[in-house]
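These figures come from a predicted structure and were not determined experimentally. Each chain gets a letter, A, B and so on, in the order its sequence line appears, and its residues count up from 1.
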There are 2 protein chains.
Amino acid sequence: MGNQKLYKGSLQTIILRLLEENDKMYGYEITQKVKELTKGELEITEGALYPALHKLEADGLLDVEVAKVGNRLRKYYKLTEQGTKETVNRLEEMKEFLKTMEILVNPKFSLE
Amino acid sequence: MGNQKLYKGSLQTIILRLLEENDKMYGYEITQKVKELTKGELEITEGALYPALHKLEADGLLDVEVAKVGNRLRKYYKLTEQGTKETVNRLEEMKEFLKTMEILVNPKFSLE
DNA sequence: TTTTATACCTAAGATTATTATGCATAAGAT
DNA sequence: ATCTTATGCATAATAATCTTAGGTATAAAA
């Protein structure tokens with residue numbers, strides 16, 4: 001991912017979330033989509049992306065389908081049934097995390 | 001920290017933020033404060049906390065002051081001048097991160 | 001024709017956390 | 001009186017996740 005360590009741990013959730021919306025995507029497409037959505041704030045590096053995709057596949061959350069486009073190959077990933085369920089959980093955790101961090105970061109919590 | 005990997009990378013910022021509000025705190029106090037503020041959602045483990053405090057100190061962001069309370073010792077940490085400045089940056093980054101993650105996680109972003 | 005974009009991949013190293021210890025004092029419970 | 005829990009510090013082995021730095025190859029643009 002980019003340079004900020006804050007994103008550490010959130011890559012899998014980001015991938016799952018994108019696949020929840022987009023049905024099937026290939027690696028490079030994911031990096032571009034994230035870059036676009038975040039207006040360049042987050043640039044997923046390939047060294048982080050591909051191992052993450054392989055892990056999600058190994059864990060049974062993603063299925064792969066290889067396609068030949070011209071003379072190049074693409075590996076399309078999509079959510080498995082289990083992956084669809086797990087995505088709901090991961091997003092729940094993410095939202096809880098974001099809420100908690102807002103509390104910690106927002107000013108003037110010390111009154112209580 | 002607790003069990004969720006999402007918090008990975010945010011511990012230093014959390015510590016700096018607490019010290020921005022509380023002037024000086026000791027390790028155990030930090031764990032309890034975080035637990036209280038997050039209603040138990042986040043439990044900072046000692047194995048994460050103490051190395052993080054030592055790192056912040058080594059980086060010149062924190063100063064230490066040892067105090068004897070009864071027969072036990074406490075190590076109070078407070079922000080250095082540099083630490084105060086850096087806290088502003090870290091919080092800025094954190095807010096940017098949270099905003100970005102909201103975009104990625106929130107439903108129906110794919111319209112654009 | 002050289003650079004940039006597309007498209008996949010892995011390996012060494014760094015960072016940061018978890019888990020499991022260790023030591024020690026103080027307070028509360030049986 | 002004694003055992004457990006809370007307070008308070010710390011480190012070391014392991015795991016997970018990322019950065020950095022490579023590698024291969026096709027296609028498009030400069």
Side-chain angles (χ1 to χ4, degrees), chain A residues 1-16 24-36 40-59 61-62 64-77 90 93-94 97 101, chain B residues 1-16 24-36 40-59 61-62 64-77 90 93-94 97 101:
Chain A
M1 342 224 339
N3 31 2
Q4 281 120 315
K5 57 186 165 195
L6 292 176
Y7 290 92
K8 199 170 281 235
S10 56
L11 177 55
Q12 285 195 8
T13 303
I14 291 171
I15 293 171
L16 293 173
K24 76 177 188 182
M25 299 181 84
Y26 56 99
Y28 186 77
E29 188 185 8
I30 291 174
T31 65
Q32 300 308 304
K33 190 67 181 175
V34 167
K35 195 173 169 184
E36 174 204 331
E41 237 272 309
L42 178 54
E43 299 200 33
I44 298 175
T45 61
E46 298 169 313
L49 177 70
Y50 292 112
L53 286 172
H54 300 160
K55 176 111 191 354
L56 287 170
E57 188 196 349
D59 290 346
L61 305 185
L62 299 186
V64 196
E65 181 195 320
V66 181
K68 261 200 126 180
V69 178
N71 235 332
R72 278 216 216 83
L73 70 113
R74 283 180 189 165
K75 292 176 85 171
Y76 280 100
Y77 290 89
R90 302 285 186 104
E93 282 173 26
M94 176 59 76
F97 162 69
M101 284 310 307
Chain B
M1 338 219 353
N3 31 4
Q4 282 118 316
K5 57 185 164 194
L6 292 177
Y7 290 91
K8 197 167 284 232
S10 55
L11 178 55
Q12 285 194 9
T13 303
I14 291 170
I15 292 170
L16 293 173
K24 76 176 187 181
M25 299 181 83
Y26 55 100
Y28 186 77
E29 187 184 9
I30 291 174
T31 66
Q32 299 308 301
K33 190 67 180 173
V34 167
K35 195 172 168 183
E36 173 203 334
E41 236 273 309
L42 179 54
E43 299 200 34
I44 298 174
T45 60
E46 298 169 312
L49 178 71
Y50 291 112
L53 286 171
H54 301 160
K55 177 109 187 2
L56 288 169
E57 187 196 351
D59 290 346
L61 305 184
L62 299 186
V64 195
E65 182 195 319
V66 180
K68 261 201 127 178
V69 179
N71 235 333
R72 279 215 215 85
L73 71 113
R74 283 180 189 166
K75 293 176 86 169
Y76 280 98
Y77 290 90
R90 302 284 186 105
E93 282 172 28
M94 176 58 78
F97 162 69
M101 283 310 307

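The nearest whole Å value for the distance from the OH atom in Y77(B) to the C1' atom in dG8(D) is 11 Å. Rounded to a whole Å, the CG atom of L53(A) is 11 Å from the P atom of dT10(C). Straight-line distance from the CD1 atom of I44(B) to the P atom of dA17(C): 9 Å, rounded to whole Å. Per the geometry, CG belonging to L49(A) stands 17 Å off C1' belonging to dA11(C), to the nearest Å. Going from atom CD of E29(A) over to atom C1' of dA5(C) covers 15 Å, rounded to whole Å. Rounded to an integer number of Å, the gap from K5(A) NZ to dA16(D) C1' is 16 Å. Note: OH (Y7(A)) to P (dA16(D)) measures 24 Å, nearest angstrom. One can place CG of L73(A) at 14 Å from C1' of dA27(D), the figure rounded to the nearest angstrom.
You'll find the side chain of M101(B) stays beyond 4.5 Å of the side chain of M101(A), heavy atoms only. The closest side-chain heavy-atom distance from I15(A) to L49(A) is below 4.5 Å.
The structure places OH of Y50(A) at 9.5 Å from NZ of K75(A), a figure rounded to the nearest 0.5 Å.
The phosphate of dA10(D) (OP1 or OP2) has a side-chain N or O of K75(B) nearer than 4.0 angstrom. Side-chain N/O atoms of H54(B) include none lying less than 4.0 angstrom from OP1 or OP2 on dC9(D). Y26(A) has a side-chain polar atom (N or O) that falls below the 4.0 Å cut-off from OP1 or OP2 of dA7(C). Proximity of Y50(A) to the phosphate of dC8(C): a side-chain N or O atom is located under 4.0 Å from OP1 or OP2.
Checking dT11(D), dT10(C), dT17(D) against the side-chain heavy atoms of P51(A) singles out dT10(C) as nearest. In the set dT17(D), dC8(C), dT26(D), dC8(C) carries the atom at the smallest distance from any side-chain atom of R74(A).
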Yes or no on side chain to side chain contact (heavy atoms under 4.5 Å, CB included) for L61(B) and R90(B), after CA distance, side-chain angles and deciding distance? CA-CA 12 Å; L61(B) 305 184; R90(B) 302 284 186 105; 3.8 Å; yes
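In this model, a side-chain donor or acceptor of K8(A) finds a partner on the base of dT17(D) within 3.5 Å.
Across all strands, R72(B) comes closer than 4.0 Å to base atoms (heavy-atom distances). Heavy atoms of G47(B) sit under 4.0 angstrom from at least one base atom.
Between the side chains of E41(A) and Y7(A), a donor-acceptor pair is found at a separation under 3.5 Å.
Each of E46(B) and A52(A) was matched to the nucleotide of DNA chain D holding its nearest heavy atom; the match closer to the 5' end belongs to E46(B).
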